[in-house]
Amino acid sequence: MTTPHHGRLEALRTGSMRKLWVLMFTAFVDMVGVLMIIPLLPFYAKRFGASGLEIGVIVAMFSVAQLLSAPLWGRVSDRYGRKPALLIGLGASVIAYIVFAFSNSVWMLLLSRAIQGAGGGTTGVIQAYVADAVEPRNRAKGLGWLSAATNVGVMLGPAVGSAATYLGSAGPGLIAATLCLLNIGFAYRFLGETHGADARARSRGKSGSPLQALIRVTRHAGDVPSRLIWTYAISIGFYYGTNPIISLFLMQRYGITTHTIGWFFVYMGALNVFFRVTVLGRVVDRIGEVRSIRVGLFTLALGLATIPLTYHFPLLALAIALLPLGATLTFPAVTGLLSQVVGDHERGVYMGVQQTYGGILRVIGPLVAGKVWDVFGVVPPFALSATVVVSTIGLGIGLERYVRRTGEHPVPAPEIATPEQAEQRVAGE
């Protein structure tokens, strides 16, 4: 006898699963290349005489370029297809790696980061790819597996980059470029287009500009897509905002040094992969995306609140484990639900807008947490972040009726799909 759960697993084992595996491998290889370079940047910049501020600008340039380009790439993928947008983004990364390999000045490093950040704005495109390829009820699971693949790349990339330095200063950049070229060939050969011609035509005829989509999220914050984007952005911003604070906390209370801090990130990375592969799908299947988001936000807040209350390593390990568990249950489910409440003709741009607002809050979060640490000490920055994260649960009130399930007919989510509708609504206000 075939159970509903068995049927869902069978669906993922067919064509959707094959597409997802191709995407996962593409994202994994891409992340290996990115993380080959990031840890080496400060050393290269220092060799060229960069100051601490200049190094910070170089590192931040990637995020700035990514924030600016993400909605644009989303719109391109809506209008012309996911595959061309992704291939062009990967091509930009090849150029960036080559520039990095032959850099002999600070400005060349800055240029390489800007090019790579512009290409890296395709994160939302990859998420839209998953949303296109996987049925609504399995999207959170698929996005979780995609994230697990990128986390493996995060763990392996720095080691590969360090080993590549034995080939000379240009070694890491050239190897990263070679990996990216192979990745382009792989994606071109095996990655099919998931965004149909009808949806592309509707996007060219109905959708507004990426800037209009960005404005709508703030001007109409009560709309369902806007609420999901704000849930994602605020919670991920204050979650990531504690990253540098956690390092300071571990150094101050537990005596962690630069020689041992790496094991902390290995622990976090391994848990991220484990939870996203083994826990996320089962929880979403059992309680749905909306409840998964609520449980995830509460778990994330609980972890943030309890970390500064620990004084022994076993309790610290338990509190730390709540962070990747909460993040696993929250962020893929938010993105999966967002993919359901927007039209397929504008899915890419909304995924890009989510990345933009998430990136902005990832800048604000560390600044706020760092300032609170300086003024008030150890506990307040964690308590503040936990309070902000748990407060976003309120943004999800009433979202259950917008979840699309096989055989069900949900109430359409209110949204503004065209510039004309936006103008009418603004006039009405």
Closest non-hydrogen atom pair, [X] against [Y]:
{"X": "Leu87", "Y": "Ala187", "value": "CD2-CB, 3.9 Å"}
{"X": "Gly144", "Y": "Leu280", "value": "CA-CD2, 3.4 Å"}
{"X": "Met36", "Y": "Ile175", "value": "CE-CG2, 3.8 Å"}
{"X": "Leu271", "Y": "Pro324", "value": "CB-CG, 3.7 Å"}
{"X": "Ala333", "Y": "Ser292", "value": "CB-OG, 4.1 Å"}
{"X": "Phe28", "Y": "Gly153", "value": "CD1-N, 3.6 Å"}

Do [X] and [Y] come close enough that some side-chain heavy atom pair is under 4.5 Å?
{"X": "Trp230", "Y": "Thr392", "value": "no"}
{"X": "Ile307", "Y": "Leu323", "value": "yes"}
{"X": "Leu399", "Y": "Leu337", "value": "yes"}
{"X": "Leu297", "Y": "Thr231", "value": "yes"}
{"X": "Pro172", "Y": "Tyr44", "value": "yes"}
{"X": "Phe331", "Y": "Leu300", "value": "yes"}
{"X": "Val353", "Y": "Arg216", "value": "no"}

Check: [X] side chain, [Y] main-chain N or O, donor-acceptor pair, under 3.5 Å:
{"X": "Ser385", "Y": "Phe382", "answer": "no"}
{"X": "Thr335", "Y": "Pro332", "answer": "no"}
{"X": "Tyr97", "Y": "Ile37", "answer": "no"}
{"X": "Trp145", "Y": "Trp21", "answer": "no"}
{"X": "Thr330", "Y": "Ala327", "answer": "no"}
{"X": "Thr150", "Y": "Ser147", "answer": "yes"}
{"X": "Arg294", "Y": "Ile393", "answer": "no"}

If you look only at pairs with a residue in residues 297-319, which of them pass as a side-chain hydrogen bond (donor to acceptor under 3.5 Å, both in side chains), with sequence neighbours excluded?
Tyr254-Thr310
To the nearest 0.5 Å, what is the distance between [atom1] ([X]) and [atom2] ([Y])?
{"X": "Ile229", "Y": "Gln355", "atom1": "CD1", "atom2": "CD", "value": "10.0 Å"}
{"X": "Phe249", "Y": "Leu316", "atom1": "CZ", "atom2": "CG", "value": "6.0 Å"}
{"X": "Thr356", "Y": "Leu361", "atom1": "OG1", "atom2": "CG", "value": "11.5 Å"}
{"X": "Asp30", "Y": "Ile184", "atom1": "CG", "atom2": "CD1", "value": "9.5 Å"}
{"X": "Leu329", "Y": "Ile293", "atom1": "CG", "atom2": "CD1", "value": "10.0 Å"}
{"X": "Ile320", "Y": "Ile246", "atom1": "CD1", "atom2": "CD1", "value": "4.5 Å"}

Just do the side-chain contact (heavy atoms from CB on, under 4.5 Å) check on Ile236 and Val334 with the steps written out, would you?
CA-CA 11 Å; Ile236 203 170; Val334 171; over 6 Å; no
Stepwise ring pair (Phe, Tyr, Trp, His ring centres under 6.0 Å) check, Phe25 with Phe190:
CA-CA 11 Å; Phe25 184 80; Phe190 295 104; 9.4 Å; no
Neighbour count above 12 (heavy atom, 6.0 Å) for Phe186 CZ
yes
Quiz item: cation-pi between Lys371 and Phe376, 6.0 Å / 45°
no
side-chain contact (heavy atoms from CB on, under 4.5 Å) between Val29 and Leu182: does it pass, once the steps are laid out?
CA-CA 9 Å; Val29 175; Leu182 293 173; over 6 Å; no
Could you walk me through whether Val283 and Val295 pass side-chain contact (heavy atoms from CB on, under 4.5 Å), step by step?
CA-CA 10 Å; Val283 172; Val295 173; 5.9 Å; no
